[in-house]
Protein chains: 2
Amino acid sequence: MSTLDLAFAALADPTRRRIVARLTRGEVRVTDLALPFQMSLNAVSKHVKVLERAGLVRRHRHGREHYLQLRALPLRDIVRWASQYERFWNQRLDALEVFLAGTAADEEKSDD
Amino acid sequence: MSTLDLAFAALADPTRRRIVARLTRGEVRVTDLALPFQMSLNAVSKHVKVLERAGLVRRHRHGREHYLQLRALPLRDIVRWASQYERFWNQRLDALEVFLAGTAADEEKSDD
DNA sequence: GTATCATTCAACCATCTGGTTGAATTTAAC
DNA sequence: GTTAAATTCAACCAGATGGTTGAATGATAC
């Protein structure tokens with residue numbers, strides 16, 4: 001599986017996106033991370049492992065505690081990949097915009 | 001499932017990302033779309049449906065032919081979501097960069 | 001050293017996924 | 001109107017996913 005595959009797949013789960021969001025506030029232990037979630041610690045632990053495999057989380061052990069840290073580079077790759085298509089979301093959003101855009105045609109082949 | 005969930009999940013598959021890329025060159029029929037892929041037409045058809053459900057592809061029928069069109073807005077949502085974390089991939093890429101960055105500390109809590 | 005805390009490992013389960021094949025549907029072609 | 005084309009639908013299958021519970025591991029506390 002490619003790194004992009006892994007990153008996209010990891011972020012497809014809302015629990016894992018919440019974990020990513022949580023990690024912006026700094027390192028957390030697995031147990032603390034799991035607290036606000038309505039699922040077992042084991043389930044959260046598995047989610048963390050998915051994020052780790054995607055390179056989105058780094059872990060460093062300190063005794064029996066595992067501290068988790070955000071690793072954002074895969075997010076940059078995702079932004080880069082998706083940004084290729086920027087010109088496609090700026091154009092032809094819906095019929096109204098087509099109308100409003102009116103004569104301001106751009107170079108792309110137009111179809112509806 | 002949220003729209004972000006669906007978009008991330010849809011893009012986690014390399015075949016579907018190839019389909020998205022292909023659609024930037026304009027509309028295609030399902031059959032033509034399927035040609036370069038080493039899988040059955042049915043498999044491609046299913047991939048297209050996943051992209052449709054995620055709002056990344058629009059279909060309009062013209063007789064018995066289904067023309068597929070890229071819908072890029074969900075990609076914009078993904079870029080928006082991931083870009084929240086930009087500050088996290090610009091900082092502390094690895095130990096070397098930390099060293100090179102040297103005294104140029106920023107406001108975020110530092111941990112390793 | 002024994003009890004306890006933080007975490008993972010392992011097994012299990014239901015559901016989803018990505019592929020297949022074969023039949024059905026709808027439209028075009030002759 | 002029969003044949004053929006474009007596509008989906010349906011059933012099936014193997015493997016992944018997201019959750020559970022219970023046991024194992026490893027470090028701390030006392």
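Every chain is numbered from 1, with letters handed out A, B, ... down the list of sequences.
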**Asked** How do A:Met1 and A:Val44 order along DNA chain D: which one's closest nucleotide is nearer the 5' end?
**Response**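 Closest to the 5' end, via its nearest nucleotide, is A:Met1.
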**Prompt:** Considering heavy-atom distances to DNA chain D, does B:Glu52 or A:Thr15 have its closest nucleotide positioned more toward the 5' end?
**Reply:**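 The residue whose closest nucleotide sits nearer the 5' end is B:Glu52.
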**Prompt:** Which pairs, with at least one residue in residues 2-15 of chain B and sequence neighbours excluded, count as a side chain to side chain donor-acceptor pair (under 3.5 Å)?
**Reply:**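 Those involving residues 2-15 of chain B are A:Arg17-B:Asp5, B:Ser2-B:Asp5, B:Asp13-B:Thr15.
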**Prompt:** Any side-chain heavy atom of B:Val20 within less than 4.5 Å of one from A:Trp81?
**Reply:**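 Result yes, sub-4.5 Å side-chain heavy-atom pair found.
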**Item:** Whether B:Tyr67 and B:His60 hold their rings parallel, tilted or perpendicular, with breakpoints at 30° and 60°
**Value:**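 Judged by the thresholds at 30° and 60°, the geometry between B:Tyr67 and B:His60 is parallel.
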Round to the nearest Å and state the distance from [X] atom [atom1] to [N] atom [atom2].
| X | N | atom1 | atom2 | answer |
| --- | --- | --- | --- | --- |
| A:Glu27 | C:dA6 | CD | C1' | 16 Å |
| A:His66 | C:dA6 | NE2 | P | 12 Å |
| B:Asp5 | C:dC16 | CG | P | 14 Å |
| B:Leu41 | D:dA10 | CG | C1' | 16 Å |
| A:Arg29 | D:dG26 | CZ | P | 19 Å |
| B:Asp13 | D:dG15 | CG | C1' | 14 Å |
| A:Arg18 | D:dG18 | CZ | C1' | 15 Å |
| A:Phe37 | D:dG19 | CZ | C1' | 14 Å |

**Prompt:** About how many Å separate CD of B:Gln69 and CZ of A:Phe88, when rounded to the nearest 0.5 Å?
**Reply:**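 Answer rounded to 0.5 Å: 11.0 Å.
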According to a strict under-4.0 Å criterion, is [X] in side-chain N/O contact with OP1 or OP2 of [N]?
| X | N | result |
| --- | --- | --- |
| B:Ser40 | C:dT20 | yes |
| A:Ser45 | C:dT8 | yes |
| B:His47 | C:dG18 | no |
| A:Lys46 | D:dT20 | no |

**Message:** B:Ala9: which residues meet the side-chain contact (heavy atoms from CB on, under 4.5 Å) condition with it, sequence neighbours left out?
**Reply:**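 For B:Ala9 the side-chain contact (heavy atoms from CB on, under 4.5 Å) partners, ignoring immediate neighbours, are A:Ala12.
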**Item:** Contact state string [nucleotides 23-30 of chain C, B base, S sugar-phosphate only, - no protein heavy atom under 4.0 Å]
**Value:** ----BS--
**Message:** Atom CZ of residue position B:Arg22 - does it have more than 12 heavy atoms of other residues, nucleotides or ligands inside 6.0 Å?
**Reply:**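 Enclosed.
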**Asked** Cationic tip of A:Arg18 within the cone over A:Phe37's six-membered ring, i.e. under 6.0 Å and within 45° of the normal?
**Response**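 Cation-pi check for A:Arg18 and A:Phe37: passes.
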